[in-house]
Amino acid sequence: QVQLVESGGGLVQAGGSLRLSCAASGWTFSNSGMAWFRQAPGKEREFVGGINWRGSSTYYADSVKGRFTISRDNVKNMVYLQVTSLKPEDTAVYYCAKSRWGTAGSRSDDYPSWGQGTQVTVSS
């Protein structure tokens, strides 16, 4: 079955960086778009960034554009989120998600499979 396992979260000071990773298994990874979402306490889950099946197109929320970079390795079945210039408002649980399609838009309904999440906490 589909399995997504995130790692790489942690506590970091404002301005710092982290690299989040998501290990995927259980289907043909290179067929699917992938995305990262996040959910802060008391807030709805929001789209962060997405990448299409072959990694040729990426999409970002305006709030992270220029600071976050999504990438994938279709040999290792991994998707990554490099987060830089972190702000306290980036504090959230970050989730990796598998798209129904080869593309990766911002609608959470397009993602039937999710990981358990990794916590990112940014101190001021």
Side-chain angles (χ1 to χ4, degrees):
Q1 69 278 19
V2 173
Q3 190 169 15
L4 300 168
V5 180
E6 302 95 334
S7 61
L11 174 63
V12 62
Q13 289 188 331
S17 300
L18 287 171
R19 188 195 197 202
L20 308 185
S21 298
C22 173
S25 62
W27 85 102
T28 305
F29 178 73
S30 58
N31 285 349
S32 300
M34 298 293 295
W36 289 90
F37 287 74
R38 67 185 181 186
Q39 187 166 21
K43 295 189 176 181
E44 293 188 355
R45 186 167 53 191
E46 64 174 354
F47 173 79
V48 173
I51 188 166
N52 73 339
W53 62 280
R54 62 174 182 169
S56 57
S57 295
T58 56
Y59 321 89
Y60 298 97
D62 288 343
S63 59
V64 307
K65 207 170 289 184
R67 299 188 298 122
F68 290 11
T69 303
I70 188 170
S71 61
R72 67 188 294 159
D73 185 330
N74 284 351
V75 174
K76 295 181 179 179
N77 288 3
M78 297 288 294
V79 62
Y80 305 100
L81 185 68
Q82 181 72 42
V83 298
T84 65
S85 302
L86 282 163
K87 306 175 182 180
E89 53 263 42
D90 293 319
T91 295
V93 177
Y94 284 71
Y95 297 92
C96 173
K98 169 190 173 293
S99 175
R100 300 180 189 279
W101 323 110
T103 54
S106 61
R107 287 165 31 96
S108 60
D109 288 350
D110 288 338
Y111 297 86
S113 302
W114 297 78
Q116 84 288 348
T118 186
Q119 176 72 46
V120 172
T121 302
V122 184
S123 63
S124 57

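What's counted below: heavy atoms across the whole structure, side chains too, no hydrogens, waters or symmetry copies. The structure displayed is predicted, hence computed values, not measured ones.
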Test item: M78 and S21 side chains (from C-beta on) under 4.5 Å apart, heavy atoms: yes
OG on S123 to CG on L86, rounded to 0.5 Å: 10.0 Å
I51 to Y59 - nearest heavy-atom pair and separation: N-CD1, 4.4 Å
Passing candidate, side chain to side chain contact (heavy atoms under 4.5 Å, CB included) with L18, options T118, V83, L11: V83
Under 3.5 Å: donor-acceptor pair, side chain of R67, backbone of S85: yes
Separation between CG of L81 and OH of Y60, rounded to the nearest 0.5 Å: 7.5 Å
Heavy atoms of other groups near W101 CH2, more than 12 under 6.0 Å: no
Distance, nearest 0.5 Å, that separates OG of S113 from OH of Y95: 15.0 Å
Distance in Å, S32 OG paired with N74 CG, rounded so as to fall on 0.5 Å steps: 9.5 Å
Main-chain N/O of Q116 paired with E6 side-chain donor or acceptor, under 3.5 Å: yes
F29 reachable from V2 in the ILVMFWY side-chain graph, under 4.5 Å edges: yes
Near-ring test W36/F68, centroid separation under 6.0 angstrom: no
Spacing of CD belonging to Q39 relative to CD belonging to Q119, to within rounding of 0.5 Å: 11.0 Å
Atom NZ of K43 with >12 non-hydrogen neighbours under 6.0 angstrom: no
Non-hydrogen atoms of S30 and R72 that approach each other most closely: CA-NH2, 4.1 Å
Spatial distance of atom SG (C96) from atom CD1 (I70) [nearest 0.5 Å]: 8.0 Å
Residue pair S108 / E44, side-chain heavy-atom distance below 4.5 Å: no
Pair F37 and Y111, ring centroids less than 6.0 Å apart: yes
Shortest non-hydrogen contact from T103 toward S99: O-OG, 2.9 Å
Note: K87-D90 ion pair, threshold 4.0 Å (strictly below): no
R54 CZ: over 12 foreign heavy atoms closer than 6.0 Å: no
Y80-M34 co-clustered via ILVMFWY side chain contacts under 4.5 Å: no
Exercise: identify the closest heavy-atom pair between S124 and P88: CB-CG, 3.8 Å
ILVMFWY cluster, V64 and F47 together (side-chain gap under 4.5 Å): no
